[in-house]
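There's a structure below that I have some questions on.
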Amino acid sequence: MRIATWNINSVRIRIGHVARFVTDAKPDVLCLQEIKCRDGEFPLNAFADMGMRHVHVVGQKGWHGVAIASKHKLEKLPSPPLCPAEEARTAAVRLKGVTIQTLYVPAGGETPQPVENPKFAHKLAFLERMKALYRGADTNLVLTGDLNIAPGEHDVWNHKQLLDVVSHTPVETEALEAIRVGGGFTDLMRAQTPEPAKIYTWWSYRNQDWRGSNRGRRLDHVWGTADLAPALKSMTIHDATRDWDKPSDHAPVMVELKG
DNA sequence: ATGGTCGCTAAGCGA
């Protein structure tokens, strides 16, 4: 089974990119973040044309919003209650004996100070809820999404320079690692491509020559509970999409699990 | 140190 995750930054404006990616990479399941539309505005017909006939949409007007699309029948599950602001940032489904969750963690604003920056406080509160929710061993759970944290020094283009930049501050990276360990998750991307290889999934729109300068960060993640780790066959960051016309600033990540 | 670019919706916010 192939599971992909992609912060699409508006599913309506980039529906053609989704179709091209589905044709090229043939995911069974595609988790999307930042769909930026209400449930009723989601382009279900276009997904059906791609063979993705089963879709769980958790949208809201204009901002945020997540969805899980699948070629196989899925059971919609309640969204994990992680967002203190109750924004549309989480979705979950059950499919072929596996629970798949997708998250869009708050970006956190500019300043990594919760007192003066409420957006950073919001991000930290979201992470606290993740820590509580995922504590203790689970099985057959795949967690995907834009976690808006690049946890390791090889997940950013310049570790020292980004230590005080939101997404790579110690308070965030340590929180994410504590969530991962506490939940018994394996980082499937790093299981396939261990450090010190540098791997990124996001490149700012403000870097025109994104590949030349390669100032990327690994903000998007695929975790699996430990029981699933032996099934991991491959992991691909489809960064070719970043060169398509009017791309998302994130590239899709896909893992392939045996069975 | 600054500004650089997007998408939403209709001037500015969030990323």
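So that the names make sense, note that chain A is the first sequence line, chain B the second, and so on, each numbered from 1.
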* Is any side-chain N of the basic residue among Lys96(A) and Asp28(A) closer than 4.0 Å to the acidic one's carboxylate O? ->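 Looking at Lys96(A) and Asp28(A), the cut-off is not met.
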* Asked: Pick from Leu143(A), Thr5(A), Val66(A): which one makes a side-chain contact (heavy atoms from CB on, under 4.5 Å) with Leu103(A)?
  -> Leu143(A)
* Structure fact -> note: Asn117(A), atom CG; dG14(B), atom C1'; distance rounded to Å ~ 12 Å
* Asked: Rounded to the nearest Å, what distance is computed from the CH2 atom of residue Trp63(A) to the P atom of nucleotide dG14(B)?
  -> 7 Å
* What's the spacing between Leu228(A) CG and Phe185(A) CZ if we round to 0.5 Å? -> 10.0 Å
* Can you tell me how far the CZ atom of Phe126(A) sits from the CD atom of Glu87(A), to the nearest 0.5 Å? -> 9.0 Å
* Asked: For Tyr104(A), which of Glu34(A), Arg89(A), His64(A), Gln33(A) qualifies under side-chain hydrogen bond (donor to acceptor under 3.5 Å, both in side chains)?
  -> Glu34(A)
* If you draw the axis of the six-membered ring of Trp157(A), does the NZ or CZ of Arg215(A) fall within 45° of it and under 6.0 Å from the ring centre? -> yes
* Asked: What integer distance in Å separates Asp249(A):CG from dC8(B):P?
  ->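 Distance, rounded to whole Å: 12 Å.
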* To do: Apply the test side-chain contact (heavy atoms from CB on, under 4.5 Å) to residues Cys83(A) and Thr90(A): give CA-CA distance (whole Å), side-chain angles for both, the deciding distance (0.1 Å), then the verdict.
  => CA-CA 8 Å; Cys83(A) 183; Thr90(A) 73; 5.6 Å; no
* Asked: Atom CD of Glu110(A) to atom P of dG3(B): distance rounded to whole Å?
  -> 12 Å
* Please state how far atom CD in Glu34(A) lies from atom C1' in dC6(B), giving the value in whole angstrom units. =>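 Those two atoms, CD and C1', are 11 Å apart.
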* Answer yes if Val142(A) and Ile237(A) sit in the same cluster of Ile, Leu, Val, Met, Phe, Trp and Tyr residues linked by side chain heavy atoms under 4.5 Å apart, and no otherwise. =>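 Same cluster.
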* Counting just side-chain N and O atoms, does Lys119(A) come under 4.0 Å of either OP1 or OP2 of dG14(B)? ->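 Affirmative; the distance criterion is met.
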* **Asn9(A) CG - dG14(B) C1' separation (whole Å)** =>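 Computing the Asn9(A):CG to dG14(B):C1' distance gives 11 Å.
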* For Pro106(A) and Lys36(A), take the nucleotide of DNA chain B holding the closest heavy atom to each; which residue's nucleotide lies nearer the 5' end? -> Lys36(A)
* **Pair Asp187(A) + Arg218(A): basic N to acidic O under 4.0 Å** =>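 Judged by the 4.0 Å cut-off on N to carboxylate O distance, Asp187(A) and Arg218(A) do form a salt bridge.
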* Can you tell me how far C1' of dC13(B) sits from CD of Gln60(A), to the nearest Å? ->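 Gln60(A) atom CD is separated from dC13(B) atom C1' by 14 Å.
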* Using atom C1' of each nucleotide, how far apart are dG14(B) and dA10(B) to the nearest Å? ->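 About 16 Å, rounded to a whole number of Å.
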* Asked: In residues 158-172 of chain A, which residues come under 4.0 Å of DNA chain B by heavy atom?
  ->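 Hits under 4.0 Å, by residue number: none.
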* **Nearest-angstrom distance from the residue atom CZ of Phe120(A) to C1' of dA15(B)** =>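 These atoms are roughly 15 Å apart.
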* Structure fact -> The single option from Thr201(A), Thr236(A), Asp220(A) that satisfies side-chain contact (heavy atoms from CB on, under 4.5 Å) with Met189(A) is Thr201(A)
* Strand contacts (DNA chain B) in residues 198-219 of chain A, 4.0 angstrom heavy-atom criterion -> Tyr205(A), Arg206(A), Gln208(A)
* Distance in Å, Ser248(A) OG paired with His17(A) NE2, rounded so as to fall on 0.5 Å steps ->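 The NE2 atom of His17(A) is 9.5 Å from OG of Ser248(A), to the nearest 0.5 Å.
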* Inter-nucleotide C1' distance (dG12(B), dA1(B)), Å rounded -> 24 Å
* **5' precedence on DNA chain B between Arg38(A) and His64(A) (nearest-nucleotide basis)** =>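 Counting from the 5' end, the first nearest nucleotide belongs to Arg38(A).
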* Side-chain donor/acceptor of Asp227(A) to backbone N/O of Asn140(A), under 3.5 Å ->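 Yes, Asp227(A) side chain to Asn140(A) backbone: donor-acceptor pair under 3.5 Å.
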* **For DNA chain B, the dot-bracket pattern of Watson-Crick and G-U pairs whose distances stay under 3.5 Å, | for other-strand partners** => ....((((...))))
